[in-house]
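Following: one structure in structure tokens, then a few remarks.
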Number of protein chains: 2
Amino acid sequence: MSASDTLDFSRPLTTVDIVIFTVKDDRLHVLLVQRPNDARESFPGQWALPGGFVDTDRDNTLKACALRKLQEKTGINAPYLEQLGSWGGATRDPRGWSATHVYYALLPHEQVRLQRGANTREIGWFPITEQGVDKELAFDHREILGAAIERLRSKAEYTSLPAYLLPEEFTLSELQHAYEVVLDRPVKKSPFRTRILSVDLVEESGNMRTGVSRPAVLYRLKSSGTLTIFPRTFSPRSD
Amino acid sequence: MSASDTLDFSRPLTTVDIVIFTVKDDRLHVLLVQRPNDARESFPGQWALPGGFVDTDRDNTLKACALRKLQEKTGINAPYLEQLGSWGGATRDPRGWSATHVYYALLPHEQVRLQRGANTREIGWFPITEQGVDKELAFDHREILGAAIERLRSKAEYTSLPAYLLPEEFTLSELQHAYEVVLDRPVKKSPFRTRILSVDLVEESGNMRTGVSRPAVLYRLKSSGTLTIFPRTFSPRSD
DNA sequence: TTAATAGTGTCTATAAGACATTATATG
DNA sequence: CATATAATGTCTTATAGACACTATTAA
């Protein structure tokens, strides 16, 4: 391809979208925004993943763009943020050939202060059911959300990923509960504790969680932002 | 964002690149192309991952674009092809803000007929050393190749991925060898065979591989294009 | 003292690792 | 028959699963 050919190709619309997960009321939730009702917009009034066009003047990289959008919507600065993949094609956006770069984030919803933002009618958490969310979504966001859920569930089987759904200090029971919510099945206490404590994942914070019963030791992650990989998946047996 | 805002954003250059792996001479190799020597080009004469601009007239989706480029370079039609991720930013391409959607493919090199293509000086297989390839690469392709190697090695630990490096029929010893090449360490025969045969991955083809010693049963994959996930990683111990 | 949850210990089942043994082809 | 590699079997070890048991707080 010669240098002049660069201009011969029409450039696709380029966006960044983020799938933001949290655990609320013992359920996995995803953050959605409602598109403006303006009939000139695509998918007016429908719910969608938060995101939008890359601003080549402000965003130095795709990840910086995702972090900016996450900060704008939730006020959170340094969560767990990982790229999910990209979706692109001729028909997914009525405005033309488009490609979106998708990230996913996990955060403790207690620390979130939702900001509606300029071109959003509404913003809110929606519970995840079996395969997705109980709402029609704009663009191909249903498919993208499905892929994000699959990635989250699959990584929960063999990594420390669900820990990022919790606040900085948490008990082992709370961590176990986060796994159970994500995996949507019970997890056995004894092997769970052995497993977590056998890898270099958490350290005692020195505090205790008190409540109606025996107080529990509070832990924190030893290194934030990284994943610990377990040598086996949870519950390998299929019965 | 209002409808008219769509045009206010400058659109990044959009490309698709492919990391194509094979096993040759007992080593993992990657396919690279040499950029033209034309001084008007970026990175003239340097080696790079095969790829190029999305053609919004011909390519209906990003994956279709990747398949087309793979077919153009290697003549291969239905290999294992998976998205690796996307890289985008202001400085990775001297021509401007750019984003590339990266796929990776595994194929048996025996079936490949390399095609140099119009704007390529040279094309060839390069052995993978510890972290990458023994050549300076254009753009951020060193980083991308590193991520692809990491993905390949990591998935080889707990999936059937390396099977796609082999031709349709293969012996269990050949499959074991593919794992050893990818993981860059020996794999024990007995647990390897138990493991492979205990999941619904391969079936006997009915043929045998003959040679200097006892003939070996030839197997083929039961379902092509999918990955089987093992409940444990290989060699979980760290010693 | 009771309720409730935290945390530990013991036994069993599964599968990997080590390694020896048997099987079957070629020359 | 010698050689080489395929394929299997046995013993050991590590860890998950099941489940009972103990510990420690509040009310």
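Proteins get letters first, then strands, A, B, ... in listed order; numbering begins at 1 in each.
- When rounded to the nearest whole Å, the span between CZ of A:Arg193 and P of D:dC19 equals 19 Å.
- Side-chain contact check for A:Trp87 and A:Glu143: at least one donor-acceptor pair (N or O, by modelled atom type) lies under 3.5 Å.
- The CG atom of A:Asn207 sits 17 Å away from the C1' atom of D:dT25 (whole-angstrom rounding).
- A cation-pi arrangement is found for B:Arg195 relative to B:Phe230, the charged atom lying closer than 6.0 Å to the ring centre and inside a 45° cone about the ring normal.
- The aromatic rings of A:Phe21 and A:Tyr104 stand perpendicular to each other, their planes meeting at an angle above 60°, with 30° marking the opposite boundary.
- Between the P atom of C:dT8 and the NZ atom of A:Lys189 lies a distance of 10 Å, rounded to the nearest Å.
- Atom CZ in A:Arg209 sits roughly 17 Å away from atom C1' in C:dG7 (whole-Å rounding).
- Within 4.0 Å (heavy atoms only), B:Ser173 reaches sugar-phosphate atoms of the nucleic acid but no base atom.
- Looking at the side chain of A:Lys188, the nearest of the listed nucleotides C:dG9, D:dG17, D:dG9 is D:dG17.
- By the 30° and 60° cut-offs, the orientation of the rings of A:His101 relative to B:His101 is parallel.
- To the nearest angstrom, P of D:dT15 lies 15 Å from CD1 of A:Ile196.
- For an aromatic pair to be called close, the ring centres must be under 6.0 Å apart, and A:Tyr219 with A:Phe170 fails this.
- Atom CG of A:Leu197 and atom C1' of C:dG7 are 10 Å apart (whole Å).
- With 3.5 Å as the limit, one finds a donor-acceptor pair spanning the side chains of B:Gln83 and A:Ser86.
- The CG-C1' distance, from A:Leu175 to C:dG7, rounds to 15 Å in whole Å.
- Counting atom types as modelled, A:Ser190 pairs a side-chain N or O with a base atom of C:dG9 as donor and acceptor under 3.5 Å.
- For B:Tyr164, the ring pair (Phe, Tyr, Trp, His ring centres under 6.0 Å) partners two or more places apart in sequence, or in a different chain, are B:Tyr80.
- Of the residues in residues 211-223 of chain B, B:Gly211, B:Val212, B:Ser213, B:Arg214, B:Pro215 come within less than 4.0 Å of DNA chain C through at least one heavy atom, sorted by number.
- Separating the CZ atom of A:Arg195 from the P atom of D:dG17 is a distance of 8 Å, rounded to the nearest angstrom.
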